[in-house]
Amino acid sequence: MCGIVGYTGSKQSQEILLTGLCRLEYRGYDSCGICVQSGASNRLSVRKMPGKVRELIRSLETKPLSGTCGIAHNRWATHGEPNRVNAHPHTDCKGKIALVHNGIIENFSALKEELMASGHKFVSQTDTEVIVHLIEDAYRELPLEEAVRSALLRLNGSFAVAVISEKEPGKMVGARSGSPLVAASCAIGSLLASDLSALLEHTQDVMFLDDNEMAVCLPGGIKVVSLASGKEVKKPAAHISWDISSAQKQGWPHFMLKEINEQPKVLTAMLGHRVSGKGKIHFEELKISREKLSAVENVEIIACGTAYHAGLSGKYALEKLCRLGVNADVSSEFRYRDPVIRPNTLAIAISQSGETADTIAAVREARAKGALVLSICNVLGSTLVRESDGVIYTHAGPEVGVASTKAYTAQVSIMYLLAMHLASLKSTLPRSRIEALLREFGKCPGLQERVLSEQKAIKKLAGRHSHFGSFLFLGRNINFPLAMEGALKLKEISYIPAEGYAAGEMKHGPIALIDEYRAVVCITPESAVYEKMISNIQEIRSRRGRIIVIASEGDDKIKELTREVVYIPKTDEFFSPIIAALPLQLLAYYIAVKRGCDVDQPRNLAKSVTVE
């Protein structure tokens, strides 16, 4: 969601901060701002505005801010509309302290009333502004880091902050609780950011701050201390294997299209790393013993959005291969329904960023009730990873497009490998069947490549359907979750209302909506439920619905029902979602492009949702 960048060092900070903000644009935002310590007096110079970073850059071209220490922010509005006043950074009453903040302060109303009663003047509608005024009060008698610590200990909610002050030039203080913050010390100085992508241009060695930790940053290095005690914490740096080029477009028109086309490479690398001869599956970072996994009797899958759909696919796989009782729930509901966690329950939390607030809260609930927690994540050192008993990394590389594509198929693929691994441990499948499945899985990257070779045809199909006012996506069995994901992709980036449904349920409601103005996408590969899907297509056809079918190569029967067919290579029904996902992603992409939508940064959405 919101993005933080901070820098103190030997270089001019404006360019470093603005470049960092550009790297964080993919997270979603509606306003932005920058503050730099300027001149001999280290006066705080602030520039901020609604809209995109390019507008901020334009305003600084004629009147740049000079100085080697500063902070910057992309805001995704929670409290107060997106305008110049509510944009960050925020300053204290005298403009001597500046702060940027991600998260939500739940007790800000009471704190604001208290501060106003003591004479503080507020100018914004944000919850953030209370923090800088609390620091102002404490700063009268304490150094900056202690004033920040004193203020933050009074907050309820979530936060990541970066703070600078005129009184202590070159010092920057960052802290976190519930929202991510990463620190790095390198040749040019010290940096803070809410996301790795803002730092990787300067270094691949970073420190992931844990909850309730504070980083005191100076040009020559960083000291990490506990927010609770103020005592220094030894924080080793972690080395990040991918570099900034992985998070750049490299000639593609959009990040989303680049990431769709990276899926065969991601799957090839995953299978090469995870699978060895004779059906052996390797999860070296799992850190949960074979004995504990063998004892698992129930599984709770918790995730949000696209990750939830990947989890639903995992539910089918775990039940089919492992004969386990599996429940999948959206994270935001899991926590509040007071779930029953039985003995020997494994909670599987799925998140691309590992910072999804609802999923982290659900994990805490599951652990408190006695579940063993395994996270499936793409980001090394994220909060979710640190709060889990074990982790399996997807290693999909940076995903910049807000609408998830390669992370989704990577998550589904990991769930399939996990299901096979557990089936082996629990002896619910013979070794020969697991080996056969893995051989078929090994063909999937090549099958994905074949789908991607047909992009021009999918683009033309998208152009013929971009004018429809709504879409219905239908699937059965293991492709039902994919129908939900296909609908989500379309509405995320094209803003067309779309609904994913179990095809057998169509007659219980959605059939009332079908007419010549609605397009219906039917996921109909060769499968055990193929004939039932054909019956559903017949029902749609008789009501003049416009039908698009995803079908297996060689299916000539389907041409009798619709001219709009996207063929995918034949594979075991079990793996069909990993292949069929790609044409659905491309369909959504090309419809959105045809409609002139902002594909990589769709309105109101954020890549990493770090607030509840």
Side-chain angles (χ1 to χ4, degrees), residues 2-9 12-14 16-18 20-21 31-49 53 56 59-60 63-75 80 83-103 105 115 120-124 126-140 142-152 155 159-176 181 189-194 198 214-219:
C2 304
I4 287 174
V5 188
Y7 170 72
T8 181
Q12 285 294 310
S13 61
Q14 178 180 294
I16 292 170
L17 296 172
L18 292 175
L21 287 188
S31 55
C32 51
I34 184 173
C35 176
V36 173
Q37 289 181 343
S38 301
S41 64
N42 295 297
R43 178 175 58 86
L44 298 185
S45 299
V46 177
R47 196 76 55 83
K48 54 186 185 175
M49 58 181 53
V53 174
L56 180 62
S59 76
L60 290 163
K63 294 182 69 176
L65 303 181
S66 177
T68 59
C69 179
I71 53 177
H73 191 264
N74 290 335
R75 177 177 185 250
N83 58 31
R84 190 186 303 270
V85 173
N86 290 327
H88 299 210
H90 290 288
T91 59
D92 66 324
C93 293
K94 296 179 180 178
K96 306 290 187 183
I97 307 166
L99 172 141
V100 292
H101 163 234
N102 293 350
I105 307 307
L115 288 160
H120 287 269
K121 304 295 184 186
F122 284 76
V123 297
S124 78
T126 67
D127 55 337
T128 298
E129 199 179 350
V130 301
I131 310 173
V132 74
H133 289 290
L134 287 172
I135 295 170
E136 180 184 11
D137 272 356
Y139 199 30
R140 295 188 180 109
L142 298 169
L144 182 62
E145 60 266 36
E146 286 301 313
V148 171
R149 192 166 77 86
S150 173
L152 297 182
L155 305 180
F159 59 79
V161 299
V163 189
I164 57 175
S165 165
E166 281 186 9
K167 238 165 63 171
E168 298 183 60
K171 180 185 284 187
M172 175 174 61
V173 178
R176 67 155 289 179
L181 195 64
S190 296
L191 300 115
L192 289 172
S194 51
M214 180 170 68
V216 182
C217 304
L218 295 168

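Side chains are part of it too, since the values below use all heavy atoms of this structure and drop only hydrogens, waters and symmetry mates.
- From I4, atom CD1 reaches atom CG of L181 across 6.0 Å, with rounding to the nearest 0.5 Å.
- Contact between S165 and L44 at its shortest, heavy atoms only, is C-CD2, 4.5 Å.
- A pairwise comparison of heavy atoms in L60 and L65 identifies CD2-CG, 3.7 Å as the closest pair.
- Checked by atom type and distance alone, the side chain of Q12 pairs as donor or acceptor with a backbone atom of G67 at under 3.5 Å.
- With contacts defined as side-chain heavy-atom distances shorter than 4.5 Å, the pair K48/H90 qualifies.
- For the atom pair K167 NZ and I97 CD1, the distance stands at 7.5 Å (nearest 0.5 Å).
- Under a 4.0 Å N-O distance rule, the pair E136/K94 does not qualify as a salt bridge.
- If you take CG on L99 and CD1 on I131, they are separated by 5.5 Å, rounding to the nearest 0.5 Å.
- Inter-residue side-chain proximity for Q14 and S66 is flagged as unmet; no heavy-atom pair is nearer than 4.5 Å.
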Between R149 and V173, is a side chain to side chain contact (heavy atoms under 4.5 Å, CB included) present by the stated rule, with each step listed? CA-CA 10 Å; R149 192 166 77 86; V173 178; over 6 Å; no
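- The main-chain N or O of I164 is never found under 3.5 Å from a side-chain atom of Q37 such that the two would form a donor-acceptor pair.
- Applying the ring-ring contact (aromatic ring centres under 6.0 Å, His included) criterion to H73, with sequence neighbours excluded, gives H88.
- When atom types are taken as modelled, the side chain of N74 and the backbone of L21 share a donor-acceptor pair closer than 3.5 angstrom.
- Shown here for L134 and A151, the closest heavy-atom pair between the two residues is CB-CB, 3.6 Å.
- Side-chain atoms of T8 do not come within 3.5 Å of backbone N or O of L218 as any donor-acceptor pair.
- In this structure, H133 and C93 have side chains that are in contact, with non-hydrogen atoms separated by less than 4.5 Å.
- Residues F159 and T128 form no side-chain contact, since every pair of their non-hydrogen atoms from C-beta on lies 4.5 Å or further apart.
- How far CZ of R84 is from OG of S124: 14.5 Å, rounded to the nearest 0.5 Å.
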Checking T126 against R75 for the side chain to side chain contact (heavy atoms under 4.5 Å, CB included) test, could you report, in this order, the C-alpha distance in whole Å, the side-chain angles of both residues, the deciding distance, and whether it holds? CA-CA 11 Å; T126 67; R75 177 177 185 250; 3.9 Å; yes
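- Rounding to the nearest 0.5 angstrom, the gap separating the CG atom in L192 from the SG atom in C217 is 4.0 Å.
- A pairwise comparison of heavy atoms in C35 and L17 identifies O-CD1, 4.3 Å as the closest pair.
- Remark: D137 pairs with R140 by the salt bridge (Lys or Arg N to Asp or Glu O under 4.0 Å) rule, at least two apart or across chains.
- Although no hydrogens or angles enter the test, the distance criterion places no donor-acceptor pair under 3.5 Å between the side chain of E166 and the main chain of K96.
- Rounding to the nearest 0.5 Å places CE of M49 at 3.5 Å from OG of S59.
- The backbone N or O of V123 sits less than 3.5 Å from a side-chain atom of E129, completing a donor-acceptor pair.
- Within the 4.5 Å cutoff, no side-chain heavy atoms of I135 are placed close to those of D92.
- The shortest side-chain heavy-atom distance between K63 and R47 falls under the 4.5 Å cut-off.
- Closest non-hydrogen pair, A175 versus L152, comes out as CB-CD1, 3.4 Å.
- Closest approach of V5 to G20, counting heavy atoms only: CG2-C, 3.7 Å.
- Of the possible donor and acceptor atoms, none in the side chain of R43 sits under 3.5 Å from a partner among the backbone N and O of S38.
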